[in-house]
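See below for the structure under consideration.
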Amino acid sequence: MADYNPILSAPQGANKNPKRVGRGSSSGLGTTAGKGNKGQQSRSGGKTYIGFEGGQMPLYRRIAHKGFSNYPFKKEYVCINLDQLEAKFDNGATVDKEALKEKGFISKKTDTLVKVLGNGDLTKKLTIVVDKVSASAKAKIEKAGGSVTTAEAEKNEEKK
């Protein structure tokens with residue numbers, strides 16, 4: 001143990017030589033190379049797929065798949081409350097996605113949907129351009145003298 005240096009090498013016995021299978025009967029791992037006699041596991045490429053049940057009808061095929069999943073169509077919104085806008089924005093400011101990215105409300109990398117919720121009070125006159133606004137938030141913003149424009153309202157106007 002005199003030449004053992006913990007910085008340069010692994011502890012003694014940590015690194016073992018790999019098993020060298022199929023190298024003669026005297027090695028102890030010759031002939032069948034530790035795979036036993038015959039059968040699927042002894043063959044080359046003798047693997048099965050995930051969910052294989054030995055030829056029995058697999059569970060994922062026995063159970064009926066019913067129903068509808070909305071997962072591919074779901075939309076996730078970043079929710080921002082009025083008290084947060086009150087704290088970060090000045091009077092007369094425009095609150096849109098770019099401004100929210102600058103203030104750190106939403107990630108700069110992703111294109112997210114934004115919804116303003118009505119928690120807290122608003123005393124500043126803000127122009128808000130986001131994807132959605134709750135009814136209570138809209139009432140509080142308009143009461144403070146601000147204006148609200150949503151993506152849904154713009155789409156509805158384009159349809160008409």
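Worth saying up front: this structure is predicted, and the values here are computed from it rather than measured.
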If every non-hydrogen atom of [X] is compared with every non-hydrogen atom of [Y], which pair is closest and at what distance?
| X | Y | answer |
| --- | --- | --- |
| K125 | N91 | N-OD1, 2.7 Å |
| G51 | P58 | O-CB, 3.5 Å |
| G118 | N81 | N-OD1, 4.3 Å |
| A137 | L117 | CB-C, 3.6 Å |
| K103 | K88 | NZ-O, 3.1 Å |
| G36 | S42 | O-CB, 4.3 Å |

Practice task
Would you check if the side chain of K124 reaches a backbone N or O of E86 as a donor-acceptor pair within less than 3.5 Å?
Solution key: yes
Practice task
For the pair K75 and D131, find out whether any cationic side-chain nitrogen is under 4.0 Å from an anionic carboxylate oxygen.
Solution key: no
Exercise for the section: Inspect the surroundings of CZ in R62 and state if more than 12 heavy atoms from other residues, nucleotides or ligands are less than 6.0 Å away. Expected result: yes
Handout entry: Atom CD of E76: over 12 foreign heavy atoms under 6.0 Å
Key = no
Handout entry: Side-chain H-bond candidate by donor/acceptor type, S147 with E142, under 3.5 Å
Key = no
Problem - Non-hydrogen side-chain atoms of D121 and K140 separated by less than 4.5 Å - result: yes
Exercise for the section: With sequence neighbours excluded, give me every ring-ring contact (aromatic ring centres under 6.0 Å, His included) pair touching residues 36-78. Expected result: Y49-F52
Handout entry: Hydrophobic cluster of F89, others only, ordered by chain and residue number, side-chain cut-off 4.5 Å
Key = V78, I80, L82, L85, V95, L100, F105, I106, V114, V116, L122, L126, I128, V130, V133, I141, V148
So, taking the atom named [atom1] in [X] and the one named [atom2] in [Y], what distance separates them when rounded to the nearest 0.5 Å?
| X | Y | atom1 | atom2 | answer |
| --- | --- | --- | --- | --- |
| E102 | D96 | CD | CG | 8.5 Å |
| T112 | K97 | OG1 | NZ | 6.0 Å |
| L59 | E53 | CG | CD | 6.0 Å |

Handout entry: side-chain hydrogen bond (donor to acceptor under 3.5 Å, both in side chains) pairs, two or more places apart, involving residues 22-41
Key = none
